[in-house]
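No hydrogens, no waters, no symmetry mates; every other heavy atom, side chains included, goes into these values. Here the structure is a predicted model, which means the values were calculated and not measured.
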Amino acid sequence: MSDASRPRPADKPLDPNEKLDVASLLDGLEHYRPRRSGWHWRERLAHQHLYEFDYEETSAGLKNSVPLPAAHYFDNIDPQPDCVVTTEIASGRPEDDIRRMRMAAWHGADHMMVIRTAGQSHMDGLLEGTPEGVGGIAVTRKQCRLTRRALDLIEDEVGRPINFHSYVSGVAGPEIAVMFAEEGVNGAHQDPQYNILYRNINMYRSFVDAAVAKHVMAAAGIVQIDGAHNANATAVKAWKVMPELLVQHAINCAFSTAVGMRKEQIALSTVPPDAPPAPCMRMDLPYAVALRDLFGEYKMRAQQNTRYMESDSREATVSHVMNLMISRLTSADIQSTITPDEGRNVPWHYNNVAAVNTAKQSLIGMDGLREIVKIDRENPEFKARVRELKERAVLFLEAMLRDGGYFAGVEQAYFVDSGEYPETHDDGIARCSDGGVAEGTIVQRANDYMAPVCHHFGENHLPQGFRGRDFCEAAPCDLIGGCTLCDDSKVPFIDELDPVDNVNVRLAATAEMRERGLIKPEVQWAGDGYVAVTMFLPAAERVAEAAALELGRAMNLVDVEVIHRQVMHPAEGTLVEIKGRLDVAIDPATLVIPEKPVPLTDEEIRAFVATKHLRCVAATVGEDEHSVGMREIIDIKHGGIEKWGFACTYLGTSVPVEKVLDAAIEHAAQVVLISTIITHGDMHRENMEKLADLAAEKGVRDKLLLIAGGTQVSDKQARAWGMDAGFGRKTKGVDVASFIVETMRERGM
């Protein structure tokens, strides 16, 4: 028996009472090939009777599952909604992702969407191995193959096909698309506008790459999800971009169909653009209807709003349920579920399950609702708003065409402007057609260009009789004895390249725990040791937060963090959630409570800035693409420091630390502001320490104020890591401006 055909442990059915054996899945992975390709939609059942209930909008049930908590009152039935349910996973390690997928599948998820690392779209080629990602997975062949192999077994265990999804973006997009087709990936994000607007990839290159990638995806049956929702995740006032969202959907749909995608293969990523305390249902429902009126031939992938997520998982869940009601009243072919801890940037596996359960519970609870609760489309206010949104979108398109088309529109910052078109606030994202990543890299094909491969996009000049399997018996790749999309024995496989950062090394670190069956708390990775503790402390917010940290230290926790706090009453008490657990009473009198900073007056700040001619350089550093927080700190329109006369040079997102410091020296700046949202693998600490060390090496440390900000940044951490200050959630421009002025006064700068 050959090595390729011998039975392997990974080929055996999963035992529901045994853990997933990651090591066996890695064994012989080079010989694994996906057993199916293409997307699977749920089999919708018009009428289904379970226990004593009749359902109208459900799908076939699961062989193995975990029902909702209340199901024990109803004979443990576990009805499944009629739409595909997504779980979005971002642990950063494929060996832990697949364990999380198994849990999510048992709760009803059949679309495993693995978030790729923030820097993936900046990479210009395929990676190999299983390196740990930052804020997500580094999408590699081995990662895809390991995941698809695990999902083969998981879908057998639950009795339903499971879709595996990732991203086709960046200048390596066509290569990623081919690899996805080879490795049995079923769905992918692909939208050239995402590359242009949020990753600054050259606009022409982005569309050329997209044509090739979409053509390959179409041939492999990979469902495409667009990226229009990023506009309302980025805009200052998300609810203002509704007309633009319609336009972005239209552009990607038209381009996708033009390069060969079937309409039923295209899913629009629709997100209700606001959240309470806004009257969101009244605002979002007309948008949902307008979208479906215009794009009824396409699939709808409904995602909840993340723009206004804070650290309160309860608040996020309520918004999720309201968004799900819009899905049920209109339509959703795919229902995405963002984890309720998304606002904390700490993706924990039990919150993946919580989000899936929220979707299942809500959609099943609203089964048949639209038969008895109908949208009153003749309501004057509603009808007028639906029409208005369509008209604004048409005006947007007409103006863009008049001004030179899409590329010219991007150059003129048409997109992600916080005004509802035709109103504009001139704060959109502008890109240059002759700039960006991979500018000038498009090579025109020779007139006699010929590529003997299948699913080739464009004029191929094949010999007579070789026009592809759709048109004749001979395939183009017959000329070379088959291509990887027709003969999977030709698909290459490269194992780990990094001797340290790879799955085998990480598994070795936890081998004893697995072999001895040790149980250790975890929320993200095997054996990570984290637990979450929620406590009510009868104290004001700042006192309660300090007391909670002290309680965590008494529990012998390392790197204790407060991940959520909420005032119950200004004097009576505060709810606090930390990592750790211990029942310890803390005397507030023993705590050292820093005095709350009092901001300076506008006049004080403005006078000092004018005298010193203060300049600052700002950027989101590393591979971090978040920009909203930084713009709110610097932009005058958002109450940022420009209000008091600071001259700010904003370098954008995903900026190397070295470039930030060089720019500060070049512009003779006195202040450097860095934003570092992603804390995965302590990247925020590394970025801060690197900036401080570089400033010292270049001899400018005493001439600069180094200030860091981010959702998980604290002042104490930032100072310990070399910064002059750190600012976290709820920071305003006046807080930063006051600190700069006071510190420069104290130091005589």
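- There is no side-chain donor-acceptor pair under 3.5 Å between E623 and S654.
- Between E411 and M203 the shortest side-chain heavy-atom distance falls below 4.5 Å.
- For E182 against P34, the heavy-atom pair with the smallest separation is O-CG, 3.7 Å.
- Residues H165 and F180 place their aromatic rings such that the two centres sit no closer than 6.0 Å.
- Using a 3.5 Å distance cut-off with no hydrogens or angles, the side chains of N232 and K237 do not pair a donor with an acceptor.
- Salt bridge status for E398 with R402: absent, with no side-chain N to carboxylate O gap under 4.0 Å.
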Report task. Please step through ring-ring contact (aromatic ring centres under 6.0 Å, His included) for the pair Y406 and F415, ending with a clear verdict. Result -> CA-CA 10 Å; Y406 174 77; F415 294 92; 5.4 Å; yes

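- Side-chain contact between C144 and M179: present, with at least one pair of heavy atoms (C-beta onward) separated by less than 4.5 Å.
- Counting only N and O atoms by type, the side chains of R301 and Q303 include a donor and acceptor under 3.5 Å apart.
- At distances below 3.5 Å, at least one donor-acceptor pair connects side-chain atoms of Y308 with backbone N or O atoms of A238.
- Of the residues D333, D82, D110, the one that meets the salt bridge (charged side-chain N to carboxylate O under 4.0 Å, His left out) test with R42 is D110.
- At a cut-off of 3.5 Å, with distance as the only test, no side-chain donor of K240 or S418 sits close to an acceptor on the other residue.
- Looking at D624 and T676, their side chains never bring a donor and an acceptor atom within 3.5 Å of each other.
- Salt-bridge check for E420 with R392: passed, with a basic side-chain N closer than 4.0 Å to an acidic carboxylate O.
- There is no side-chain donor-acceptor pair under 3.5 Å between Q143 and T130.
- In the model, H455 has no side-chain atom that pairs as donor or acceptor with a side-chain atom of H215 under 3.5 Å.
- H229 has its side chain out of reach of L245: every pair of non-hydrogen atoms, C-beta onward, lies at least 4.5 Å apart.
- A distance-only check finds a donor-acceptor pair linking the side chain of N163 to the backbone of H40 [under 3.5 Å].
- Classification of the Y421-Y414 ring pair by plane angle, with boundaries at 30° and 60°, yields parallel.
- Looking at E128 and T140, their side chains never bring a donor and an acceptor atom within 3.5 Å of each other.
- Taking every heavy atom of both residues into account, V416 and A231 meet most closely at CG1-O, 3.9 Å.
- Side chain of N460 to backbone of A451: a donor-acceptor contact under 3.5 angstrom is found.
- With contacts defined as side-chain heavy-atom distances shorter than 4.5 Å, the pair I222/N186 does not qualify.
- Residues A267 and I334 come closest through the heavy atom pair CB-CD1, 4.3 Å.
- Under a 3.5 Å cut-off, the side chain of E88 and the backbone N or O of I115 do not form any donor-acceptor pair.
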Requested in this report: List the steps, then state whether salt bridge (Lys or Arg N to Asp or Glu O under 4.0 Å) holds for R93 with D97.
Outcome: CA-CA 6 Å; R93 297 179 176 179; D97 277 359; over 6 Å; no

**Report entry** R292 vs S331, side chain to side chain contact (heavy atoms under 4.5 Å, CB included): CA-CA, chis, key distance, verdict
**Finding:** CA-CA 8 Å; R292 286 153 178 80; S331 66; 3.2 Å; yes

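- Between the side chain of S206 and the backbone N or O of N202 there is no donor-acceptor pair closer than 3.5 Å.
- Here the shortest heavy-atom pairing between N305 and N323 reads N-OD1, 3.0 Å.
- L294 places a side-chain heavy atom less than 4.5 Å from the side chain of K390.
- Between the side chain of S327 and the main chain of A332, no donor-acceptor pair closer than 3.5 Å is present.
- The shortest heavy-atom contact between H249 and S269 is CE1-O, 3.5 Å.
- A salt bridge is absent between E642 and R631: the closest approach of a Lys/Arg side-chain nitrogen to an acidic carboxylate oxygen does not fall below 4.0 angstrom.
- L151 approaches M112 most closely through the heavy-atom pair CD2-CG, 3.9 Å.
- Judged by distance alone, the side chains of R729 and T711 never bring a donor and an acceptor atom under 3.5 Å apart.
- Residues R116 and S166 bring no donor and acceptor atom of their side chains to less than 3.5 Å of each other.
- Between Y167 and H189, the ring-plane angle classifies as parallel under the 30° and 60° cut-offs.
- Using a 4.5 Å cut-off on side-chain heavy atoms (C-beta onward), V617 and L651 make contact.
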